[in-house]
Structure formats: structure tokens, C-alpha cells
Amino acid sequence: MKHPYLDVLIVGAGLSGIGAACHLKEKCPNVRFGIVERRKRIGGTWDLFRYPGIRSDSDMFTLGYNFRPWTDTKMLADGPSIRRYIDDTAREYDVKRRIQFGLKVISQSWHSEKKHWIVKAIDEATDEEHQFSTGFVFHCTGYYKYDSGYTPEIPGINQFRGDVIHPQHWPENYDYTGKRVVVIGSGATAVTLVPAMADKADHVVMLQRSPTYVATVPEQDLISRNLRRILPEMAVYRLARTRNILLQRAVYRLSLSKPKAMRRLLLATARRQLGPEVDMRHFQPHYNPWEERMCAVPKGDLFKVIREGQASVVTDHIEAVTETGIQLKSGAHIDADVLITATGLDLQLFGGARLEVDGREVHVADALMYKGLMLEGVPNMALVFGYTNASWTLKADIASEFVCRLLNHMRDIGARVVTPVDGQGSKTQMNFLNLRSGYVLRANDRLPRQGSRTPWQNLDDYLRDLPALRYGNLEDGHLRFEGSSIKRGRNSVFRKLLSA
């Protein structure tokens, strides 16, 4: 099935995709755009994950959109509330009618002669192929495979007599009441599952190979709740966003500049909440803060269930899974009825779709990233990749603003094509993520490269990205515009004045 030509095709109707659609509708009113979404509902990540306790790991005043306030006082919101916020935003901005659900993008091919993309998608319910022609593709598909999470090879796991569940595919209405549960992992999913399951389960064990930094955050934003009595909702929201952005950056920078001091603070806070009976070695990572992502728990709920004996932490390596539990390399055995493999995500870009430019496949790992959102040498395409050290949506919002500015600029100068070009040999062998987490290292051959200088470096800093993306010069010498009828350049405005 062929669809009418679109100026912009947004891929994905999750947090990023709906945000991108709202920005386009408001800032580029003459642009014809559509959205394709593989799932049957809006929400992306927040529709996919259904495990107990699913919640944000960033505060909602920065995870929410910059144009629409989050009106609850919860700092970390549950998954259904976030999905509802995204859906309500789509309705309010009237972009839901532009979504075509149930379509999985399988390939995207740029044709220089026609100056447009051919994007092919499959209706997974009927196997019918859909074809879209579009001038610009805006990928908002996130960064991991929806089909399956990452599960390492665990010897003997097939002989386990209980249930083995990956959180990415949680069974509907699964009853774990009175069962002995082992959560394998120590990341954001694991620290969410353990307290959420502790009330019903007989006991929950978090089995980790190595500890992660866990920080307590307030459950409610009491400052915003009080300010709502005297200020409009949007004003309260912006104040909370500004406060939390500055706090996030301060913590991150302090972690890099004073890692020993930040480590002492984090461990002291954990020790105080765990009490004297819990062995602190389970909460003492071998790396410095923010070399890997930090986990946040509202009101110390993880520490509470461990302190009260409803849950426990074991730091060890798996020798093998037995019929009744897990045999550890230390010689100990953990009895279990349920194994939850919270072992991480499997990274991929573009939803796994093939990417071609004039018939040649683009290998993402060979390309640089322009300002963290466009691939070197790939025309008329952008993708959203949010922050790893702050809320995802902070980057998603300003990435969408940049794309809107870029599209309006191309219209103004009559250009049909824009391509990021590295003319200075900036490429390095580092991937563009500034983390050494396992899921990043595993995906090194699927991630773009980091440059040796801006704009090819991933700054991971909202306070630097904001002026660069919202106000930075589009004629910076790194974006090549084609088809323009207007003379351009860094000093084009002054040349126009001199020639007048």
C-alpha cells in the first residue's frame, strides 16, 4: 500500500514521538507530517513495560514535556500515569489522528535523484507492506529492541522447575503471592521490582554480580504542591524543572570533579537507611559515581524492604541454575520459585530498520553524530537519543525544536536537502555514549562514533545543548544544504547589507 507524500515522517509514538509531533504542529504549521507506530497504542516504553512497580527513573518535572506541565506531585511516576500523560498530550495537541498503528518500519532508503526517502513498513497483523515517500525522517524509536531484552547465557536455566520471566515480557495478571523470588540484576528495573514485589512474595532476593549506586529521592515535590496555591500551574512547573535541572547537573558535575566525596555521601546515606544489620559491601560499587547510570528509589523503598527483612541482596556469580534455584560460585544455593532476569536491554537504533543511501547500506558504527541527533553523511534524517545522565525528554524536546528550526530554515532558503558533513577528520573510535555500562559496551558495534571536537561530540549536558540546539547557527559549515536559491554562509547577512 502506497501512502501520500509527507514532508516529515515520525517513526514512533512514544514519549519522544508524540513530543516531536506536537513541536512540529506548533512550530511548522505548513509541514505535512505523519507518524507510524509498531504498537497498537501510544506510549512506547510506557506501554511495553508492565512489570510490578514500573516507574520513571527520572523526576517527572524534567521527564515531562517543556510545553505541557506534569500536574501530579509525584517525583517518580508509575508507568500507567506516564502513558496517560503522553496520550492526553496527543489528544490535546490533536496529533493522535496522524498516527498509523501496527506498522513496523523495516527499511528506509534515500534517493538523491528524487530527494526523498522511501520508507517501507510491515503491518504485523496482516503482513501487508506499506510504503511511504517523505522528505525527512525523524526517528523517535528509542534505543533498545522491543522484541526481546538482553539475557546472558545462564547454565542450567532450562532445567529450572519454576517460572523464568524477563521484565520486558511480563505475563498479564501473573500471581507471585507467597513465592520465593530471585531478581537477577542490579539496575533500575531490579531496584524497582524488589520493593514492588516484597509485599506479596514470600521473600525477594536481588542477586547481583556487582553493586550499583542507589540514591534516595523524595516521593513528593512538596515545594511545588505549596506553590500551586499562589502561582499558575505552568509557572510552578517551570520553576520545578529549572530547580531539578540545576540539581541534576550539580550532582553530575560533582560526581566527576569530586568522585570520592560524592561516593562517601551516597554510601553514608545508604548506610543510614539500611541500618547496622545489612552488609554494606552489597552497596559499594567498584567504580565512581556516574561512570555508570545511578539508580533512584523514592523515599528509600528498596532500603526499607531490605532493612525490614522482606528482601535481601546477594553479591555473587552464578555457577548454574538448578531445578530448585541458583547455585552460586561461592558454594551457596538460593532456593527460588521464580527467576526474574532483569539483566538489561539490547540496544539498537532505528527500531532495527535497514538504512540505505542511494542503494548503499549505512553502517551506523562508521558514522559520527552531529549534535547528538543527525548521522554524518545521511541526508534529511534526525533521531532522538535522550540523556543518560538526566531525563530523556530534556534532550528530546530541544532535539525536536532543532529539527523544526532546521525545516523552517530550509524552507526559507529554498533547500530540499541537508546533510551533516565532517570536513575536519573528527572521527574517533569511541562510541557517542559517555558510559561504560554493560549494555553500552555490548552494543559498541551498533552505535555511532564520538568526534574529537564539537559539533561531533555528545555533550550530555542540557545547559550546553540548550543554546546550541535552540539558538545555534545552522550555517555552521558542518551542515551542507542543497537546492538553495539563496546565497548562504556564515556572513551572508552582512554580504546582503553590503550589496544593498
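Numbers here simply count residues along the sequence, with the first being 1. Given the structure is predicted, the values throughout are model-derived calculations rather than measurements. Only heavy atoms go into these numbers, but all of them, side chains included; no hydrogens, no water, no symmetry mates.
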Looking only at atom types and distance, does a side-chain atom of H130 sit under 3.5 Å from a main-chain N or O of A121, one as donor and one as acceptor?
-> no
Identify the two heavy atoms, one from Y176 and one from A196, that lie closest to each other, and give their separation to 0.1 Å.
-> OH-O, 3.7 Å
Backbone of A296 reached by a side-chain donor or acceptor of D57 within 3.5 Å = no
Check step by step if side chain to side chain contact (heavy atoms under 4.5 Å, CB included) holds for I340 and M197.
-> CA-CA 11 Å; I340 300 175; M197 299 182 74; 3.4 Å; yes
Do you see a donor-acceptor pair shorter than 3.5 Å between the side chains of T428 and Q450?
-> no
Listed partners of D78 passing salt bridge (Lys or Arg N to Asp or Glu O under 4.0 Å), at least two apart = K74
Test side chain to side chain donor-acceptor pair (under 3.5 Å) applied to Q248 and D59, step by step | CA-CA 10 Å; Q248 287 172 3; D59 76 275; 2.9 Å; yes
Please answer whether the main-chain N or O of I35 pairs with a side-chain N or O of R98 as donor and acceptor at a distance below 3.5 Å.
-> no
Looking at CD1 of I106 and CD1 of I122, how far apart are the two atoms once the value is rounded to the nearest 0.5 Å?
-> 4.0 Å
Nearest atoms (heavy-atom pairs only) where T216 meets F303 = OG1-CE1, 3.4 Å
Test: R249 cationic atom under 6.0 Å from Y462 six-membered ring centre, within 45° of axis | no
W70 side chain vs I82 backbone, donor-acceptor pair below 3.5 Å = no
How far apart are the C-alpha atoms of Y387 and S58, what are their side-chain angles, what is the distance that settles it, and do they pass the side chain to side chain donor-acceptor pair (under 3.5 Å) test?
-> CA-CA 11 Å; Y387 293 119; S58 302; over 6 Å; no
For the pair Y65 and Y85, evaluate ring pair (Phe, Tyr, Trp, His ring centres under 6.0 Å) and give the outcome as yes or no after the intermediate values.
-> CA-CA 10 Å; Y65 299 118; Y85 169 77; 5.5 Å; yes
Does any N or O in the side chain of N458 come within less than 3.5 Å of the main-chain N or O of F432, such that one atom is a donor and the other an acceptor?
-> yes
Kindly say whether G19 contributes a backbone atom to a donor-acceptor pair with the side chain of R68 at under 3.5 angstrom?
-> no
Judged by atom type as modelled, is there a donor-acceptor pair below 3.5 Å linking the side chain of T324 to the main-chain atoms of D335?
-> no
Step by step, would you call R470 with D465 a salt bridge (Lys or Arg N to Asp or Glu O under 4.0 Å)?
-> CA-CA 8 Å; R470 184 176 285 176; D465 280 335; over 6 Å; no
Gap separating the CG atom of L383 from the CG atom of L375, nearest 0.5 angstrom | 6.0 Å
For R50 and W46, indicate whether the former's side chain and the latter's backbone hold a donor-acceptor pair under 3.5 Å.
-> no
Heavy atoms of D445 and A365 approach each other most closely as O-CB, 3.3 Å
Using the ring pair (Phe, Tyr, Trp, His ring centres under 6.0 Å) rule, take Y174 and Y51 through it: C-alpha gap first, then chi angles, then the decisive distance, then the call.
-> CA-CA 9 Å; Y174 181 71; Y51 61 80; over 10 Å; no
Determine, step by step, whether L207 and L328 satisfy the side chain to side chain contact (heavy atoms under 4.5 Å, CB included) criterion, reporting the C-alpha distance in whole Å, the side-chain angles of both residues, the deciding distance to 0.1 Å, and the verdict.
-> CA-CA 10 Å; L207 174 59; L328 303 174; 3.9 Å; yes
Are D460 and T388 linked by a side-chain donor-acceptor pair shorter than 3.5 Å?
-> yes
When rounded to the nearest 0.5 angstrom, what distance separates CG in L368 from CG in D422?
-> 5.0 Å
Let me see the working for F385 and L373 under side chain to side chain contact (heavy atoms under 4.5 Å, CB included), right down to the final yes or no.
-> CA-CA 7 Å; F385 201 109; L373 57 94; over 6 Å; no
So which pairs with a foot in residues 262-271 pass side-chain hydrogen bond (donor to acceptor under 3.5 Å, both in side chains), sequence neighbours left out?
-> Y213-R263
Residues 391-399, side-chain donor-acceptor partners within the protein, below 3.5 Å, at least two apart:
| unit_1 | atom_1 | unit_2 | atom_2 | d |
| --- | --- | --- | --- | --- |
| S391 | OG | T62 | OG1 | 2.5 |
| W392 | NE1 | S16 | OG | 2.7 |
| T393 | OG1 | L63 | O | 2.5 |
| D397 | OD1 | H23 | NE2 | 2.9 |
| D397 | OD2 | N66 | N | 2.8 |

What pairs with D147 under salt bridge (Lys or Arg N to Asp or Glu O under 4.0 Å), at least two apart in sequence or on another chain?
-> R38
Are any of the side-chain heavy atoms of R354 and E361 separated by less than 4.5 Å?
-> yes
Under 3.5 Å, side chain of R241 to main-chain N/O of F61, donor-acceptor pair present?
-> yes
Polar side chain donor-acceptor pair, H166 to T341, under 3.5 angstrom | no
Apply ring pair (Phe, Tyr, Trp, His ring centres under 6.0 Å) to Y370 and list each qualifying residue two or more places apart in sequence or on a separate chain.
-> W456
Answer yes if the side chains of Q108 and H139 hold a donor-acceptor pair under 3.5 Å, and no otherwise.
-> yes
Checking E37 side chain against Q100 main chain: does a donor-acceptor pair fall under 3.5 Å?
-> no
Pairs involving residues 199-216, ordered by first then second residue, that meet salt bridge (Lys or Arg N to Asp or Glu O under 4.0 Å) (sequence neighbours left out) | none
Pairwise side-chain contact, N389 with S255, heavy-atom cut-off 4.5 Å (strictly under) = no
Scanning both residues in full, the closest heavy-atom pair of M75 with N244 reads CE-ND2, 4.2 Å
Report yes or no: do T73 and Q220 form a side-chain donor-acceptor pair below 3.5 Å?
-> yes
Are any of the side-chain heavy atoms of D87 and I18 separated by less than 4.5 Å?
-> no
Lys NZ or Arg CZ of R39 over F101 ring: under 6.0 Å, within 45° = no
Minimum heavy-atom distance P289-M294, with the two atoms named | CB-CE, 4.1 Å
Evaluate side chain to side chain contact (heavy atoms under 4.5 Å, CB included) for R253 paired with D461, printing each intermediate quantity in order.
-> CA-CA 10 Å; R253 288 175 176 170; D461 186 343; 3.0 Å; yes
The side chain to side chain contact (heavy atoms under 4.5 Å, CB included) partner of L339 among D163, I326, V183, I165 is I326
Work out which heavy atom in T315 is nearest to a heavy atom in H282; give both atom names and the distance.
-> OG1-ND1, 2.7 Å
